[in-house]
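Report on the following structure.
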Amino acid sequence: MAGKNRLPRSLSLKSRVEIAGLLKEGRRFPGNYFTLVWMPAEEFKYGVFLSKQTGSAVERNRLKRLFREAVRLNRSHLDKTGKLALLPGKQANNKEFNEINADVGRMFERLNRET
RNA sequence: AAAGCAGGAGGAACAGUCGCGCUUUAAAUGAAUAUUUAAAGUGAGGAAAGUCCGAGCUCCCCAGAAUCGAGGCGCCCGGUAACACCGGGGCGGAGUGAUCCGACGGACAGUGCCACAGAAACUAUACCGCCCGCUUUGGCGGGUAAGGGUGAAAUCGUGGUGUAAGAGACCACGGCUGGCGACAGUAAUGCCGUCAGCGGGUAAACCCCGCCUGGAGCAAGGUCAAAUAGGGGAAGAGGGGCUGAUUCGUCCCGUUAUUAUUCCCGGGUGGACCGCUGGAGCCGGUGGGUAAUCACCGGUCGAGAUAAAUGACUGUUGGUCGCCUUCGGCGAUGCACAGAACUCGGCUUAUAAUUCUGCUUUCAAU
RNA sequence: GGCGGUAUCGUCUAGUGGUUAGGACAGGUGGUUCUCAGCCAUCAAGCCGGGGUUCGAUCCCCCGUACCGCUA
């Protein structure tokens with residue numbers, strides 16, 4: 001169980017080229033609080049991306065942490081491997097963690113069904 | 001007690017579980033850089049913010065001495081690595097007061113500007129008025145700047161002498177400016193005496209005087225270096241097939257300044273590493289100083305990310321709000337402003353509850 | 001992260017300390033027309049916010065806000 005819920009930094013998307021490709025080519029799934037972009041790949045990789053329009057630095061940091069925590073907890077429910085981008089919208093501001101967590105869980109189940 | 005002034009503190013705490021970054025150690029894998037796992041340690045602020053000043057550091061021009069230009073600063077003394085910052089003092093202004101505010105050199109170096117109104121806005125002048133003369137009784141000429149009026153600002157104020165009427169024209173008292181001298185003070189300055197004078201304002205208008213400043217910024221700058229394009233230099237006669245295989249043999253292609261091929265130099269994209277955190281550091285004590293702060297002694301190490309680590313959940317306590325209301329209980333709310341990005345010293349701006357110290361005014365009581 | 005710049009009616013813009021803050025487009029009203037367009041007349045609407053200097057600030061200075069560039 002210990003190894004199941006880990007989410008080290010090496011799994012986060014870092015390369016500018018990779019990210020641009022994913023956002024351009026990936027399939028989009030709109031959720032309640034965020035948009036999910038999916039592209040099948042050998043290895044699981046994720047990223048949370050926010051623009052300055054979303055809010056102040058504190059709000060952006062908080063959203064990023066909440067979404068990363070949600071990905072960490074729900075990763076075991078995902079059957080497939082691929083690249084994953086989460087684009088939170090303004091409506092996600094000031095939301096409770098369990099609301100975001102539930103939304104991410106729903107989207108992962110939808111991914112399992114539809115791809 | 002009420003109202004207020006000044007300076008602070010505070011920036012929820014503890015425990016547990018699951019995670020993330022960094023450091024160290026150990027183990028496994030591996031030729032190695034490393035990767036993975038485990039354990040331990042450690043992990044946002046008083047403003048980390050704005051990027052407004054001052055520095056360190058790096059590169060560039062160059063060798064910062066002077067001049068010119070541009071920009072900044074501007075009462076005095078002290079503090080500091082430095083500052084536009086800080087402390088103390090002076091002067092001016094606001095307030096009953098505690099206290100607060102001040103870009104606070106020069107308008108006699110020169111130039112410009114001062115709308116409207118007003119006679120006149122800066123060197124000349126007179127609208128009403130006052131006085132004298134003349135008069136055709138409508139005014140005209142002259143004198144005057146007291147009074148009225150305009151304006152943000154109008155030639156020092158009051159009283160008198162004087163006069164046709166008046167005026168610093170003269171006198172007394174007072175105010176202001178400048179020079180000189182005495183005293184107090186390191187000084188700014190204050191105060192007294194004396195002499196000269198009393199025609200503005202504006203320098204956050206140009207400017208003058210004194211002082212300071214070379215430019216850019218860690219995405220600075222340096223090291224390594226896949227790939228790709230092209231450049232320079234050197235070597236250079238061979239390369240491929242047939243054969244189990246080397247020599248050999250045979251076939252095809254290329255061949256002497258070239259080309260194929262190889263190597264080196266250079267280049268520097270994706271990327272990696274250094275810069276990268278121990279410093280004008282922090283805490284305590286003693287001493288000097290009104291203070292800012294300095295000296296000495298002792299202790300201490302407290303983030304280092306790079307699509308960028310500090311999060312989630314649970315419980316207890318503390319705030320805050322609401323309800324029941326006697327102690328108290330129940331419920332709600334994760335609870336101000338806000339997130340390190342090379343590092344310091346300041347300034348400015350944003351900040352919820354809560355809370356401490358000193359002082360002022362008014363009222364009341366003793 | 002660092003370094004610069006801009007802000008004027010709804011939109012695009014003039015405006016070097018005293019302006020009724022000017023113009024164009026858009027908008028409203030009236031007229032012309034059988035009606036619309038066009039034309040004519042006319043109206044409304046603005047200096048990003050807060051301080052300071054000045055008699056007086058869109059303009060000069062300071063602080064903030066928003067937006068836009070440059071830089072590997």
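These numbers were taken from a predicted model, which means no experiment stands behind them. Side chains are part of it too, since the values below use all heavy atoms of this structure and drop only hydrogens, waters and symmetry mates. Below, read A as the first sequence line, B as the second, and so on, with proteins coming before strands; counting in each chain starts at 1.
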Need the pair for [N]. Rule: Watson-Crick or G-U wobble, both distances under 3.5 Å, any strand; none if unpaired.
| N | answer |
| --- | --- |
| B:rC296 | B:rG285 |
| B:rG21 | B:rU42 |
| B:rG110 | B:rC206 |
| B:rA352 | none |
| B:rA196 | B:rU177 |
| B:rA34 | B:rU29 |
| B:rC140 | B:rG133 |
| C:rA57 | none |

What's the gap between [N] and [M] when it is taken at their [atom1] atoms, as a whole Å value?
| N | M | atom1 | result |
| --- | --- | --- | --- |
| B:rC77 | B:rC211 | P | 15 Å |
| B:rA124 | B:rG179 | P | 29 Å |
| C:rC34 | C:rC43 | P | 28 Å |
| B:rG302 | B:rC282 | C1' | 9 Å |
| B:rU355 | B:rC330 | P | 25 Å |
| B:rA82 | B:rG345 | C1' | 8 Å |
| B:rA272 | B:rA295 | P | 45 Å |
| B:rA145 | B:rG168 | P | 9 Å |

Whole angstrom value for the distance that separates [atom2] of [N] from [atom1] of [X]:
| X | N | atom1 | atom2 | value |
| --- | --- | --- | --- | --- |
| A:L73 | B:rG19 | CG | P | 10 Å |
| A:R65 | B:rA305 | CZ | P | 16 Å |
| A:N74 | B:rG311 | CG | C1' | 15 Å |
| A:R6 | B:rA309 | CZ | P | 18 Å |
| A:Y46 | B:rA309 | OH | C1' | 10 Å |
| A:L84 | B:rA307 | CG | P | 19 Å |
| A:E59 | B:rG339 | CD | C1' | 12 Å |
| A:L7 | B:rU36 | CG | P | 13 Å |

In terms of side-chain heavy atoms of [X], which of [options] is nearest?
| X | options | answer |
| --- | --- | --- |
| A:R62 | B:rG339, B:rG311, B:rA308 | B:rG311 |
| A:N61 | B:rU306, B:rG21, B:rG339 | B:rG339 |
| A:R68 | B:rC20, B:rA307, B:rA309 | B:rA309 |
| A:R9 | B:rU310, B:rA38, B:rG21 | B:rG21 |

Which heavy-atom pair separates [X] from [Y] by the least distance, and what is that distance?
| X | Y | value |
| --- | --- | --- |
| A:A92 | A:L63 | O-CD2, 3.6 Å |
| A:P88 | A:F34 | CA-CB, 3.7 Å |
| A:E18 | A:L13 | OE2-CD2, 3.7 Å |

Hey, is the side chain of A:S56 poking within less than 4.0 Å of OP1 or OP2 on B:rA49, counting only N and O atoms?
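Checking A:S56 against B:rA49: no side-chain N or O falls below 4.0 Å of OP1 or OP2.
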Where do A:L36 and A:F108 land on the side chain to side chain contact (heavy atoms under 4.5 Å, CB included) test, with the steps shown first?
CA-CA 9 Å; A:L36 192 145; A:F108 276 22; 4.1 Å; yes
Which residue, A:K14 or A:P8, contacts RNA chain B at a nucleotide closer to its 5' end, judged by nearest heavy atom?
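Nearer the 5' end of the strand: A:P8.
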Both A:V58 and A:K64 contact RNA chain B. Taking the nearest nucleotide for each, which residue is further toward the 5' end?
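Whichever sits nearer the 5' end wins; that is A:K64.
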Can [N] be described as syn, meaning its chi torsion is within 90° of 0, or is it anti?
| N | value |
| --- | --- |
| B:rG168 | syn |
| B:rG329 | anti |
| B:rG275 | anti |
| B:rA172 | anti |
| B:rG90 | anti |

Please check: side-chain N/O of A:E59 versus main-chain N/O of A:S56, any donor-acceptor pairing under 3.5 Å?
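Side chain of A:E59 to backbone of A:S56, a donor-acceptor pair under 3.5 Å: yes, one is there.
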Can you find a donor-acceptor N/O pair under 3.5 angstrom joining the side chain of A:E69 to the base of B:rG19?
no
Using a distance-only criterion (donor-acceptor N/O pair, under 3.5 Å, no hydrogens), is the base of B:rC18 paired with the side chain of A:R72?
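Looking at the base of B:rC18, it does pair with a donor or acceptor on the side chain of A:R72 (distance under 3.5 Å).
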Residues 80-87 of chain A side chain polar contacts: donor-acceptor under 3.5 Å, at least two apart:
unit_1, atom_1, unit_2, atom_2, d
A:K80, NZ, A:N112, O, 3.0
A:T81, OG1, A:A41, O, 2.8
A:T81, OG1, A:E42, O, 3.3

Listed once per pair and sorted, the salt bridge (charged side-chain N to carboxylate O under 4.0 Å, His left out) pairs that draw on residues 62-71 of chain A, sequence neighbours left out:
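Of all non-adjacent pairs touching residues 62-71 of chain A, those that pass salt bridge (charged side-chain N to carboxylate O under 4.0 Å, His left out) are A:E69-A:R72.
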Just do the side chain to side chain contact (heavy atoms under 4.5 Å, CB included) check on A:E114 and A:F29 with the steps written out, would you?
CA-CA 10 Å; A:E114 297 192 9; A:F29 299 89; 3.6 Å; yes
Regarding A:E18, tell me which of base, sugar-phosphate or nothing describes its non-hydrogen contacts under 4.0 Å with the strands shown.
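Nothing: the residue A:E18, judged by heavy atoms under 4.0 Å, touches no strand.
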So what does A:I19 hit on the nucleic acid, given a heavy-atom distance under 4.0 Å: a base, only sugar-phosphate, or nothing?
base
